[in-house]
Amino acid sequence: MHIQDSHWSSASAIAPGGTVGAAAGGNVRVPADGSRTAPLRVDAQRNLEHVLRAAREVFGELGYGAPMEDVARRARVGVGTVYRRFPSKDVLVRRIAEEETSRLTDQARTALGQEDEPWSALSRFLRTSVASGAGRLLPPQILRVGVAEDGPVADEARVPQQRSQLGTELRLVEQRPTPGNVVDDAGAAALLDVVGRLVDRARAAGELRTDVTVADVLLVIATAAPSLPDAAQQAAASARLLDILLEGLRSRPA
């Protein structure tokens with residue numbers, strides 16, 4: 001598994017107002033979030049879909065540190081085509097990370113709403129997420145797990161603190177935000193909230209170890225989604241590893 005953090009910094013190729021400079025492949029005016037107000041032409045829409053698919057594959061295999069040129073090659077388009085739609089790598093990384101966070105949140109809500117048994121709901125969420133390869137595309141900030149420090153941490157620099165019954169609490173900590181280092185806090189908070197409910201239910205039912213946190217559950221998703229060259233081997237390895245990890249999460253009779 002290769003989940004790497006990028007600098008998440010603003011690209012120097014963007015001029016004020018969202019104009020892409022020459023280094024980014026042409027003087028094309030694109031909003032900073034990579035969106036357009038006018039409908040895309042059929043060929044432009046097709047190129048966008050190819051770029052997004054390629055980005056998910058490349059970042060899933062190599063991490064978010066992979067260069068834009070690799071994405072362009074995988075999409076079979078010129079790098080200028082990628083930059084015309086996503087004026088910086090940060091914009092593309094943000095798009096993929098936010099889509100993955102939203103997908104995980106939907107999977108967690110589905111498990112919570114369709115499974116009456118707490119352990120079944122939690123394990124369903126984990127199996128669905130791992131099978132989809134979601135762990136390889138989780139935003140790096142969500143995977144920063146550390147023991148709570150004594151020093152103050154600014155509220156705005158942290159995604160919601162994790163539920164735990166331990167005196168020393170594990171939490172997910174973000175770096176202090178800068179203009180290019182802000183992940184969609186609302187999306188991250190929604191994911192942490194719904195996974196937190198899955199964890200709380202399983203713990204209250206006595207089926208989950210009392211020291212397991214939301215952070216641990218997200219680490220299971222990331223750990224159990226290896227990137228292997230053979231699809232069948234990857235699926236088998238993920239399923240086997242997840243079985244082992246699930247056994248580690250379950251509580252044991254005293």
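Applying the side-chain hydrogen bond (donor to acceptor under 3.5 Å, both in side chains) test to R250 and every residue at least two apart in sequence or in another chain returns nothing. For R73, the salt bridge (Lys or Arg N to Asp or Glu O under 4.0 Å) partners two or more places apart in sequence, or in a different chain, are D70. Residues satisfying the salt bridge (Lys or Arg N to Asp or Glu O under 4.0 Å) criterion with E69, sequence neighbours excluded, are absent altogether. Applying the salt bridge (Lys or Arg N to Asp or Glu O under 4.0 Å) test to R76 and every residue at least two apart in sequence or in another chain returns nothing. Remark: R124 pairs with E115 by the salt bridge (Lys or Arg N to Asp or Glu O under 4.0 Å) rule, at least two apart or across chains.
Interatomic distance, L198 CG to L112 CG, rounded to the nearest 0.5 Å: 5.0 Å. Distance OG1/T105 to CG/L192: 8.5 Å, rounded to 0.5 Å. Atom CG of residue L191 and atom CZ of residue R109 lie 9.0 Å apart, to the nearest 0.5 angstrom. To the nearest 0.5 angstrom, S251 atom OG is 11.0 Å from R203 atom CZ.
A donor-acceptor pair under 3.5 Å is formed between the side chain of S123 and the backbone N or O of S120. Here the side chain of R201 pairs a donor or acceptor atom with the backbone of D116 at under 3.5 angstrom. Counting only distance, with no hydrogens or angles, the side chain of T110 and the backbone of D106 share a donor-acceptor pair below 3.5 Å.
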Walk me through it: do L218 and I221 pass the test side-chain contact (heavy atoms from CB on, under 4.5 Å)?
CA-CA 5 Å; L218 294 177; I221 296 173; 4.2 Å; yes

Would you check, one step at a time, whether the test side-chain contact (heavy atoms from CB on, under 4.5 Å) holds for V91 with Y83?
CA-CA 10 Å; V91 175; Y83 277 113; over 6 Å; no

Please evaluate residues L92 and Y64 with respect to the criterion side-chain contact (heavy atoms from CB on, under 4.5 Å), reporting the C-alpha separation (whole Å), side-chain torsions for both, the decisive distance (0.1 Å), and the verdict.
CA-CA 10 Å; L92 178 57; Y64 283 125; over 6 Å; no

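The residues D200 and R197 are annotated as not salt-bridged, no charged nitrogen and carboxylate oxygen being separated by less than 4.0 angstrom. A salt bridge links R95 with E99: the distance from a Lys NZ or Arg NE/NH1/NH2 to an Asp or Glu carboxylate oxygen falls below 4.0 Å.
When all heavy atoms of L122 and A202 are compared, the closest pair comes out as CD2-CB, 4.1 Å. The two atoms that bring F125 and L104 nearest to each other are CE1-O, 3.4 Å, heavy atoms only. The heavy-atom pair separating A111 from A121 by the smallest distance is CB-O, 3.3 Å. Contact record, K89 with A66: NZ-O, 2.9 Å, taken as the closest heavy-atom pair. Taking all atoms of both residues into account, the shortest heavy-atom contact from V212 to V199 is O-CG1, 3.9 Å. Residues V195 and V214 share a closest heavy-atom pair of CG1-CG1, 3.7 Å.
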Side-chain donor-acceptor distances from residues 232-248 under 3.5 Å, at least two apart:
from : atom 1 : to   : atom 2 : distance (Å)
Q234 : OE1    : L228 : N      : 3.0
S238 : OG     : A224 : O      : 3.2
S238 : OG     : Q234 : O      : 3.0
D243 : OD1    : R127 : NH1    : 3.1
D243 : OD1    : R127 : NH2    : 3.0
E247 : OE1    : R252 : NH2    : 2.9

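The closest side-chain heavy-atom distance from V93 to F86 is not below 4.5 Å.
Exactly one of E100, Q107, R103 qualifies for a side chain to side chain donor-acceptor pair (under 3.5 Å) with S129. That residue is Q107.
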